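Presented below is the structure to which this report refers.
Since we're looking at a predicted model, the values are computed, not measured.
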Amino acid sequence: MHEYRTHTCNQLRKADNGSTIKISGWIHNRRDHGGVLFIDVRDHYGITQVVVYPEAPFQYEIGHLPKETVVSFVGVVMLRSAENSNPKMETGEIEIKASSFTILGPAEPVPFPVFPEEIAPEDMRLKHRYLDLRRSKLHQNIILRSKVISSMRKRMIDFGFTEFQTPILTSSSPEGARDYLVPSRVHPGSFYALPQAPQQFKQLLMCSGFDRYFQIAPCFRDEDARADRSPGEFYQLDIEMSFVTQEDIFKTLEELLHGIFSEFSTMQATPPPFPRIPYRQSMLKYGCDKPDLRIPIEIRDVSDIFATADFKAFKETVESKGVVRAIPVKNIASQPRSFFDKLVEYAQSIGSKGLAYLVWSEEKVKGPLAKFLSDDNMKNIASRCDVGLGDVVFFVAAQEHEANKISGDLRTKLGNDLNIIDKSIFKFCWIVDFPMFELDPETQKPVFSHNPFSMPQGGLEALLSQDPLTILAYQYDIVCNGIELSSGAIRNHRPDVMYKAFEIAGYDKSVVDAKFPALIQAFRYGAPPHGGIAPGVDRIVMLLAGEQNIREVIAFPMNQKAQDLLMNAPSPVTDKQLKELSIRVTPIA
RNA sequence: GGACCGGUAGUUCAGUUGGUUAGAACGCUGCCCUGUCAAGGCAGAGGUCACGAGUUCGAGCCUCGUCCGGUCCGCCA
């Protein structure tokens with residue numbers, strides 16, 4: 001017989017009745033009936049019930065081992081009677097009558113229970129992550145992650161992509177997030193940087209003619225964490241394709257994402273093609289560039305109506321180049337007064353001066369705004385917002401940027417509070433037509449609004465002839481249920497267009513040459529038109545696992561302060577190490 | 001860097017207007033129990049109420065400060 005096991009804990013079935021077997025695993029749970037003693041033994045695969053009768057000389061010992069001790073049992077597979085079967089367990093129709101046991105890995109009492117699964121403090125979970133990872137939910141999340149990545153890889157290869165590895169020790173890029181720096185021993189005073197993304201490498205690979213690149217790529221950014229943003233490091237399914245238009249990339253990603261989400265979830269995912277929403281339209285209708293399309297509310301602009309209406313506060317806002325936005329909500333006219341009061345309070349807490357609203361009730365249109373508006377105004381609003389009896393429209397007046405944010409936050413809050421979000425679907429969309437440039441609020445000069453490497457729509461001609469602020473980029477985001485999975489772009493692969501774009505953003509040729517020497521040189525020797533995208537693996541798994549926090553799908557995540565509580569990183573190093581690196585640590589006053 | 005919420009037993013939490021000895025469940029220890037599967041029953045151990053100062057006759061509760069944690073804003077080309 002094998003030293004440790006003949007079967008896993010999720011292998012034995014009715015057909016094995018009578019076999020003498022050996023299983024090993026953790027003591028998951030124990031039920032001591034005085035006479036008969038039940039032990040649930042757990043391994044990676046599942047749970048099997050072991051029964052120990054009073055005749056067994058080791059009954060007392062096994063009944064008093066701490067839970068989570070690793071043991072191995074030899075015994076005979078017995079059928080359970082119908083009333084003693086457990087339909088909730090895959091092995092629930094059998095049990096093992098133990099004839100001997102061995103302690104393989106003694107255990108001390110655990111600091112928090114592996115079973116039943118309770119929510120332990122997160123710092124303790126992270127400190128004892130090996131225990132936390134035994135919990136079924138987390139264990140399954142990590143398995144799901146592995147399967148999702150494996151499926152991504154298979155699908156990409158089936159699509160004709162080639163997988164690459166790009167350097168982890170690379171150079172600091174002056175744009176974007178803060179870099180993690182690694183000192184060089186051989187070159188005192190010089191530093192490597194960990195890649196924020198393999199952006200330039202994948203573009204260089206296109207210049208090398210590889211045509212279709214992908215990588216399950218680790219990315220490093222020294223920025224603060226969020227619930228959906230792990231600090232320090234994360235993984236992207238990094239993709240780049242040559243001789244493609246934006247639509248070609250969309251088509252590939254739609255097939256990939258719809259395939260993955262359909263494979264790993266029973267929830268319905270948007271079938272291709274995903275809706276394409278221009279950036280400006282998204283900012284208006286949803287107040288943000290990562291809309292949760294499950295919320296059945298669309299914001300409308302009503303600035304023109306209030307420009308002529310007799311409500312001073314809104315009229316003045318419009319006259320000072322602000323906007324008035326309407327948030328129509330169906331069937332909430334009967335909500336109690338407190339509902340509206342709380343919403344007004346919330347609006348003020350996120351920076352709105354107030355929150356006016358109109359209620360289409362039985363007799364007439366009511367609400368704080370009603371007395372200032374003519375019947376015509378009301379009619380126009382109702383038709384613009386597509387509301388009628390029983391509906392309510394909220395109004396936000398502010399400068400455009402602020403109005404977008406406030407109305408978008410209100411839309412999300414209304415969606416959550418009114419419980420009108422369909423939690424059983426994945427709603428995908430593309431946000432397209434991001435502006436190439438925007439005005440720097442301080443200098444009032446154009447700066448790159450998102451990605452300086454994106455190709456401007458209209459190419460060089462647009463850069464030469466259009467107002468920079470009207471130029472759109474072949475730049476896009478893929479969004480699912482209000483979570484941004486990735487940005488992407490058709491890249492600017494023409495040196496002349498690149499220099500011109502940077503010139504508009506206030507950088508001369510030498511700056512481009514100095515900042516991006518490899519790329520700009522590569523583009524000089526024949527670069528194919530190319531573009532790509534890089535959906536976040538962690539976020540995709542988070543959505544598929546139904547988790548609210550990205551740490552629940554990462555085996556060894558850092559905490560919000562970018563500390564690894566398990567390995568105790570970051571931590572000071574020895575003077576010898578510092579000396580080798582020509583580094584002296586000095587507090588900065 | 002900023003805002004908000006939180007910190008009470010190993011764990012999850014309750015703790016009334018500031019008032020006697022700070023409670024429950026799970027876990028742990030002991031005992032009872034031969035069919036449970038979140039087993040059940042009885043008993044027991046287990047507390048610097050995050051820390052410090054203040055108000056008060058009296059503070060888990062009120063005030064201020066500090067620390068720790070989470071969420072959000074900034075940040076994330």
Side-chain angles (χ1 to χ4, degrees), chain A residues 28-42 47-56 59-60 63-68 78 80-89 91-93 95 97 108-128 131 173-179 196-197 199-200 219-234 290 346 349-351 405 409 412 434 436-438 447-454 473 475 484 487-489 491 502 505 515-516 534 536 548-549 551 559-563 565:
Chain A
H28 182 69
N29 198 15
R30 178 167 49 216
R31 292 169 297 281
D32 185 349
H33 285 251
V36 66
L37 167 66
F38 299 103
I39 310 279
D40 291 337
V41 183
R42 182 196 72 239
I47 293 173
T48 296
Q49 175 168 283
V50 172
V51 57
V52 183
Y53 289 99
E55 306 84 79
Q59 197 199 40
Y60 182 88
H64 289 79
L65 288 173
K67 285 187 186 181
E68 297 303 315
M78 310 287 283
R80 297 205 217 173
S81 67
E83 66 268 24
N84 287 336
S85 291
N86 185 349
K88 284 188 279 184
M89 287 171 68
T91 59
E93 291 184 307
E95 65 193 2
K97 183 183 174 186
E108 294 172 22
V110 290
F112 59 89
V114 170
F115 174 86
E117 294 197 44
E118 283 181 26
I119 303 151
E122 198 174 25
D123 49 353
M124 185 183 286
R125 290 177 53 199
L126 294 175
K127 190 174 175 187
H128 301 283
L131 286 180
S173 69
E175 299 281 330
R178 282 184 212 98
D179 283 316
Q196 297 180 21
Q199 180 69 35
Q200 297 193 56
C219 304
F220 306 89
R221 294 179 191 173
D222 186 5
E223 296 296 343
D224 290 341
R226 289 289 182 276
D228 66 352
R229 198 165 85 204
S230 96
E233 58 188 71
F234 60 96
K290 44 175 186 175
Y346 173 77
S349 78
I350 57 171
K405 187 175 177 341
D409 286 356
T412 304
F434 279 84
M436 186 81 198
F437 301 98
E438 64 189 16
V447 292
F448 288 117
S449 72
H450 289 88
N451 188 329
F453 300 115
S454 303
Q475 156 102 34
E484 182 196 316
S487 282
R491 320 298 175 187
F502 273 83
K515 274 185 170 179
F516 315 109
Q548 302 295 311
N549 193 301
R551 293 187 289 269
N559 68 5
Q560 201 183 35
K561 290 186 177 166
Q563 294 168 304
L565 300 177

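In a base pair of the Watson-Crick type (N1 to N3 plus N6-O4 or O6-N4) or a G-U wobble (N1-O2 and O6-N3), with each distance short of 3.5 Å, B/G69 is matched with B/C5. Nucleotide B/A39 forms no Watson-Crick or G-U wobble pair with any nucleotide shown, as no partner meets the under 3.5 Å limit on both distances. Nucleotide B/C33: unpaired (no Watson-Crick or G-U wobble partner with both distances less than 3.5 Å). Pairing for B/C57 goes to B/G19, judged as Watson-Crick or G-U wobble with the two contacts each under 3.5 Å. Judged by Watson-Crick or G-U wobble contacts below 3.5 Å, the nucleotide B/G10 has B/C26 as its partner.
Two residues, A/F115 and A/V36, neighbour RNA chain B, and the one matched to the more 5' nucleotide by heavy-atom proximity is A/V36. Each of A/H64 and A/M124 lies near RNA chain B, and the nucleotide nearest A/M124 is the one positioned closer to the 5' end.
Side chain A/R226 to base B/G74: a donor-acceptor pair is found below 3.5 Å. Interface remark: the A/R30 side chain does not form any donor-acceptor pair with the B/C37 base, using a distance-only criterion of under 3.5 Å. In terms of polar N and O atoms assigned as donor or acceptor, the side chain of A/R229 comes within less than 3.5 Å of the base of B/C76 in a complementary pairing. Side-chain atoms of A/R80 and base atoms of B/C37 include a donor and an acceptor less than 3.5 Å apart. Under 3.5 Å, the side chain of A/N559 and the base of B/G69 form no donor-acceptor pair of N or O atoms.
On the P atoms, B/C28 is 16 Å away from B/A38, given to the nearest whole Å. One C1' atom belongs to B/U63, the other to B/G46, and the distance between them is 33 Å to the nearest Å. Between the C1' atoms of B/U21 and B/U12, the separation comes to 25 Å (whole Å). B/G18 and B/C61 have their P atoms separated by 11 Å, with the value rounded to a whole Å. Nucleotides B/U56 and B/G44, compared at atom P, are 41 Å apart to the nearest Å. Remark: the separation of the P atoms in B/G70 and B/G54 is 32 Å, to the nearest Å. B/U34 and B/G40 have their C1' atoms separated by 13 Å, given to the nearest Å.
Centre separation under 5.5 Å together with a plane angle under 30° does not hold for the ring of A/F112 and the six-membered base ring of B/U11, so they are not marked as stacked.
Comparing B/G1, B/A38, B/C37 by their closest approach to the side chain of A/K88 singles out B/A38. Of the candidate nucleotides B/U71, B/G69, B/U12, B/G69 has the atom lying nearest to any side-chain atom of A/Q563. Distances from the side chain of A/A227 to the nucleotides B/U71, B/U36, B/A38 place B/U71 closest. Comparing B/U36, B/C28, B/C33 against the side chain of A/D32 picks out B/C33 as the nearest. Of the candidates B/G69, B/G30, B/U36, the closest approach to any side-chain atom of A/K561 belongs to B/G69.
In this model, the phosphate group of B/U36 is not approached by any side-chain N or O of A/R31 to a distance below 4.0 Å at OP1 or OP2. For A/K405, no side-chain nitrogen or oxygen approaches OP1 or OP2 of B/C73 to under 4.0 Å. Distances shorter than 4.0 Å separate none of the side-chain N or O atoms of A/Q560 from OP1 or OP2 on B/G69. The shortest distance between the side-chain N/O atoms of A/Q49 and the OP1/OP2 oxygens of B/C37 is not below 4.0 Å. Contact annotation: A/Y346 side-chain N/O to B/C72 OP1/OP2 distance is not under 4.0 Å.
At whole-Å resolution of the value, CZ in A/R178 and C1' in B/G1 are 10 Å apart. The CD-P distance, from A/E122 to B/G6, rounds to 19 Å in whole Å. One atom, CD of A/E95, and another, P of B/U36, lie 11 Å apart when rounded to the nearest Å. Rounded to whole angstrom, the span from the CD atom of A/E83 across to the C1' atom of B/A39 amounts to 16 Å. If you take NZ of A/K67 and C1' of B/A39, they are 11 Å apart, rounded to a whole angstrom. Remark: C1' of B/G74 and CD1 of A/I350 are 16 Å apart, rounded to the nearest angstrom. Look at CD on A/E223: it is 12 Å from P on B/G74, rounded to the nearest Å. Between the CD atom of A/E108 and the P atom of B/C28 there is a distance of 15 Å, rounded to whole Å.
Looking at heavy-atom distances under 4.0 Å, A/P111 makes contact with sugar-phosphate atoms alone, never a base. Residue contacts for A/P66: at a heavy-atom cut-off of 4.0 Å it reaches no nucleic acid atom on any strand shown. When heavy atoms are screened at a 4.0 angstrom cut-off, A/N549 is found touching the sugar-phosphate backbone but no base atom. Residue A/R125 is out of contact with every strand shown, counting any heavy-atom pair closer than 4.0 Å.
For the side-chain hydrogen bond (donor to acceptor under 3.5 Å, both in side chains) with A/D40, the lone residue among A/H28, A/R31, A/R30 that qualifies is A/R31.
Remark: the backbone N or O of A/R221 is not paired with any side-chain donor or acceptor of A/Q196 at under 3.5 angstrom.
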Please walk me through it: do A/N86 and A/Q49 pass side-chain contact (heavy atoms from CB on, under 4.5 Å)?
-> CA-CA 10 Å; A/N86 185 349; A/Q49 175 168 283; over 6 Å; no

Are A/N559 and A/E122 close enough, and set up right, to give a side-chain contact (heavy atoms from CB on, under 4.5 Å), and what steps lead you there?
-> CA-CA 8 Å; A/N559 68 5; A/E122 198 174 25; over 6 Å; no

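Atom CD of A/Q548 has 12 or fewer heavy atoms from other residues, nucleotides or ligands within 6.0 Å. Annotation: A/K67, atom NZ; neighbour count of heavy atoms from other residues, nucleotides and ligands within 6.0 Å is above 12.
Distance check: A/E95 CD to A/M89 CE gives 10.0 Å after rounding to the nearest 0.5 Å. Atom CE of A/M436 sits about 8.5 Å away from atom CD of A/Q475, to the nearest 0.5 Å.
Smallest separation of non-hydrogen atoms from A/R229 and A/D224: NH2-O, 2.7 Å.
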